[in-house]
Amino acid sequence: MTRQVQPGEKIVTRYRIVIKGVVQGVGFRPFVYHLAQVWGINGSVLNSSRGVVIEAEGEENNIAGFLSELKNNPPQLSRISDYQLSKMPPAGYTSFVILPSNSGEEKEALVPPDVATCADCAKEIINRQDRHYQYPFTNCTNCGPRFTIINEVPYDRPKTSMASFSMCDQCAREYHDPADRRFHAQPTACPVCGPHVEMLDSSGKNVAGKENWLQSCWDILRAGNILALKGLGGYHLTCDAKNKEAVKALRRRKGRDAKPFAVMCRDLETVQKYCVAGEKEKELLISPLAPIVILKKHLPAKPDKALPEELAPGLKTLGVMLPYTPLHLLLFSGPFDVLVMTSGNYSNLPLVKDNSRATVELGGIADYFLQHNREIVNRCDDSLVRVIDGEPHIYRRSRGYVPHPVLVSRREDEPVILGIGGEMKNNFCLLKKNRAFMSQYIGEIDSLEGEENLLTSFFNMQKLTDATPEIVAYDAHPEYASARVARRIPARAYFAVQHHHAHLASCLAENGLENEEVIGAVLDGTGYGTDGRLWGFEILTGNYDHFQRRFHLAYVPLPGGEAAIRRPWRAAAAYLLAFLGEEGRKYAGMIFPGKNLDVIEKMVISGFNSPLSSGCGRLFDAVSAILGICLENTYEGQAAVELGEAVPETADKDFQPYPYEIIEGVIRPDKMLAEILNEKMAGVPVQSISARFHRTLVSMVGEAVGRVSAATGIKKVALSGGTWQNQYLFRTAKEFLSARGFKVLYHRQVPANDGGIALGQAMIAHWRCRKKCV
Ligand SMILES: [Zn+2]
Ligand SMILES: [Zn+2]
Ligand SMILES: [Zn+2]
């Protein structure tokens, strides 16, 4: 029989609350502790590998207030993905305590990404009275390194690379005081007890230490030197961005001809001196994610505010970020307001992260090395974002975003699947329950170092997510290193996935779609087709389970294969020869004097070493070369990027598409090429030709999509593939299709380029396995 409550007696209730999501390393426990004090709640809070577990006991009204605050006002950096509440009989707790972490069986707690330095810490490091004055490793519960220093979960200091530094009395006091903003800040440190920096010259000799490193940095940079700077997720190579000679030297030594360098600016005000930043762009720049944001430069530059053209040759845009560690902030407290901040690696090799490798691998590039003794566990490049129509599109998803999962439509009890990703711009994806853990940027994997980087990063991520894949999916290209790496990972089944199907599925997944049939307009450079040819301008229908090729760009032989990809003039010559015959031969001779066209012609005719390609990237290459914009690609996609940038700001509907034909599922560019040549010969400006070319592609996609829709009744279109990073093309196509009643799906959480295909691979493998298992 239940006891009657007496008048005036308070009803005490007790709840157990389990909160999952990003709740560790974000100040969750101190937040809960405070809340308990405010509402007079007794009980406990602890970090377990399942998430945060709270025992809360108190008077009913107080409990209600406590729970509502907990759910509705959690710490800024946390993300609650699951919230379970169970009522329990009162236990008679007399106080509220924070219990030590316990590591249970299943690790579901999510590791937080790295967080840019918060305003409070930023103030301390420039305050002479503060004990963190000029200390480059200052952090607190709201900011600092996370993913890059974690070895294992749950996220606690002994599981991080801060384990080797024991806290001084003062740091320990703050760490243990629930009222302090460093309460349980795992990487907390100060000049007395924490890591420190040192400056080495190229012979490895120490030239400055913790007292004078900052002045030494400024002197070194002022003298035009290149500095290798150990940061959060790896090394940066830095130099004075206004010193043209230093920028040129960096290009030369890094083996990087024209690929744009990112810069770091002192603050938003400085950014706006050089570039145009809208509200959304500013928001991203100052956010805790602190990615590189692609911005338009002021053209023409403001008086006295021109940056050297060498930073991003031939481009109207510049990749810009703000300081995101105390070390950066201190660097900008001196004479510089813009510094080049490019990844510390040589050519296509992985980002350097270890002191011992830096002097070896960056020895030929940097004059000095600013390094420190806090180990980087997980390598992590800067993320890269561009805002289009007020929405951020991620071109490289890494620091700040990883390892936050992308949520997809999937049951809890399905097996763990690994999508190994593509060959270039690689990211892999671990699919566990309804969470897709996209890895940090791995980059190129067609070298021994690249392959090792992929494997090591995979094993680390596997540990952090406690996700051991049963199934591994990889790209169907028979010569890809990624396929070989995939097979080195033990699993019960392996699936080869067609490249463009993976793009399509990736777009469906990040938009949260079930296994629904949509039209896919997949435009990219190269992917291995089911007919053994190189696809890349594909209008498909499909879902996770299957796909069908409906329309594609006409094939063109690529003389020399890879060589033609590196040299757009070869693609141009092939297009002219293949589609315009004699006339094309004549023009090719005029446009590309001195090139050995006879050899190209023989290869095109005989097909010798000339794989057939329907890649959209190759069509961009060809038009870019015909217009004289770019004849040789010194980085992937250069010709296409430069052609995209040639479209005038004011390009609108006045630019009509060129004629083209669609015959039996094949989109033929013959007439467009002939018109482009005519206009070029007639002296029409390249800006106008480029705009018309882009509108032609939109028409081609639009018409093909319209035909597929008329035949199938499908009204959803997924835009995927690296070509959609061309913002003019993307905006125009989206507008065109939306105006015709299509629901347009596109990428915002994972890259449209090959950095997103791992997600598609995993989702496809999931559906195939499900079908087989039924
Ligand atoms: Zn802070
Ligand atoms: Zn200390
Ligand atoms: Zn692709």
Side-chain angles (χ1 to χ4, degrees), residues 25-27 30 75-77 114-125 130-133 135 137-146 157 162 165-176 180-196 288 290 324-326 329 421-427 475-477 480 482 497-507 520-529 534-538 540 565 613-618 636-637 640 719-725 747 750-761:
V26 292
Q76 199 195 342
L77 298 172
D114 301 282
V115 187
T117 305
C118 75
D120 289 334
C121 291
K123 265 186 230 147
E124 282 180 353
I125 57 169
D130 196 283
R131 67 190 191 93
H132 295 95
Y133 178 61
Y135 184 56
F137 302 96
T138 305
N139 65 79
C140 73
T141 309
N142 289 320
C143 75
R146 301 286 187 270
R157 191 171 174 110
M162 285 302 292
F165 301 93
S166 43
M167 280 183 264
C168 68
D169 290 348
Q170 211 160 349
C171 285
R173 240 192 329 273
E174 291 174 354
Y175 181 89
H176 292 294
D180 195 277
R181 70 181 183 85
R182 294 207 162 86
F183 177 67
H184 283 199
Q186 307 305 342
T188 193
C190 78
V192 175
C193 64
H196 63 266
Y324 57 83
T325 69
L329 285 163
E423 198 77 348
M424 292 165 79
K425 297 193 167 79
N426 178 281
N427 292 66
D475 194 283
H477 198 301
Y480 272 4
S482 51
V497 176
Q498 199 280 325
H499 187 91
H500 302 93
H501 186 202
H503 271 300
L504 170 84
S506 163
C507 192
V522 186
L523 271 55
D524 67 358
T526 296
Y528 191 76
L534 304 175
W535 295 9
F537 188 132
E538 311 300 322
L540 317 169
I565 295 174
S613 159
S614 62
C616 190
R618 302 296 78 76
E636 197 231 339
L719 306 183
S720 189
T723 305
W724 293 114
Q725 286 178 196
H747 292 278
V750 303
N753 62 43
D754 286 2
I757 63 170
L759 173 60
Q761 292 172 344

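Ligands are counted one by one from 1 in listed order, and the atoms in each one are counted from 1 as well. Nothing fancy with the numbering, it's 1 onward along the sequence.
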- Excluding waters, which are neither shown nor counted, protein N/O/S atoms under 2.8 Å from the Zn ion (ligand 1) come to 4

- Query: What protein N/O/S atoms sit under 2.8 Å from the Zn ion (ligand 2), by chain and number?
  - Reply: C168 SG, C171 SG, C190 SG, C193 SG

- Note on the structure: Nearest heavy-atom contact between R157 and Q186 is NH1-O, 2.8 Å

- Do R181 and N142 come close enough that some side-chain heavy atom pair is under 4.5 Å? no

- Task: Evaluate the ring planes of H176 and H184, with Trp represented by its six-membered ring, and classify them as parallel (under 30°), tilted (30 to 60°) or perpendicular (over 60°).
- Result: perpendicular

- Task: With the side chain counted from C-beta on, respond yes when Y133 and I125 share a heavy-atom pair under 4.5 Å apart, and no when they do not.
- Result: no

- Note on the structure: Here the pair of heavy atoms bringing L329 nearest to A122 is CD1-CB, 3.9 Å

- Could you point out which residue of E124, H132, R182 forms a side chain to side chain contact (heavy atoms under 4.5 Å, CB included) with C140? R182

- Look up atom CZ in F165 and atom SG in C193, then write down how far apart they are to the nearest 0.5 Å. 9.0 Å

- Message: Could you walk me through whether R131 and C171 satisfy the side chain to side chain contact (heavy atoms under 4.5 Å, CB included) test, starting with their C-alpha distance in whole Å, then the side-chain angles of each, then the deciding distance to 0.1 Å, before giving a yes or no?
- Response: CA-CA 10 Å; R131 67 190 191 93; C171 285; 3.5 Å; yes

- Message: Applying the side-chain hydrogen bond (donor to acceptor under 3.5 Å, both in side chains) criterion to N753, which one of Q725, H503, E636, H747 satisfies it?
- Response: Q725

- Query: Among all residues two or more places apart in sequence or in another chain, which pass the side chain to side chain contact (heavy atoms under 4.5 Å, CB included) test with A189?
  - Reply: Y135, M162, P195

- Message: side chain to side chain contact (heavy atoms under 4.5 Å, CB included) for Y528 and H499? Distances and angles first, verdict last.
- Response: CA-CA 6 Å; Y528 191 76; H499 187 91; 5.7 Å; no

- Item | Atoms (protein N, O or S; no water) under 2.8 Å from the Zn ion (ligand 3) | 4

- Taken to the nearest 0.5 Å, the spacing of M167 CE from E174 CD works out to 10.0 Å

- Side-chain touch V522/L540, heavy atoms, less than 4.5 angstrom: yes

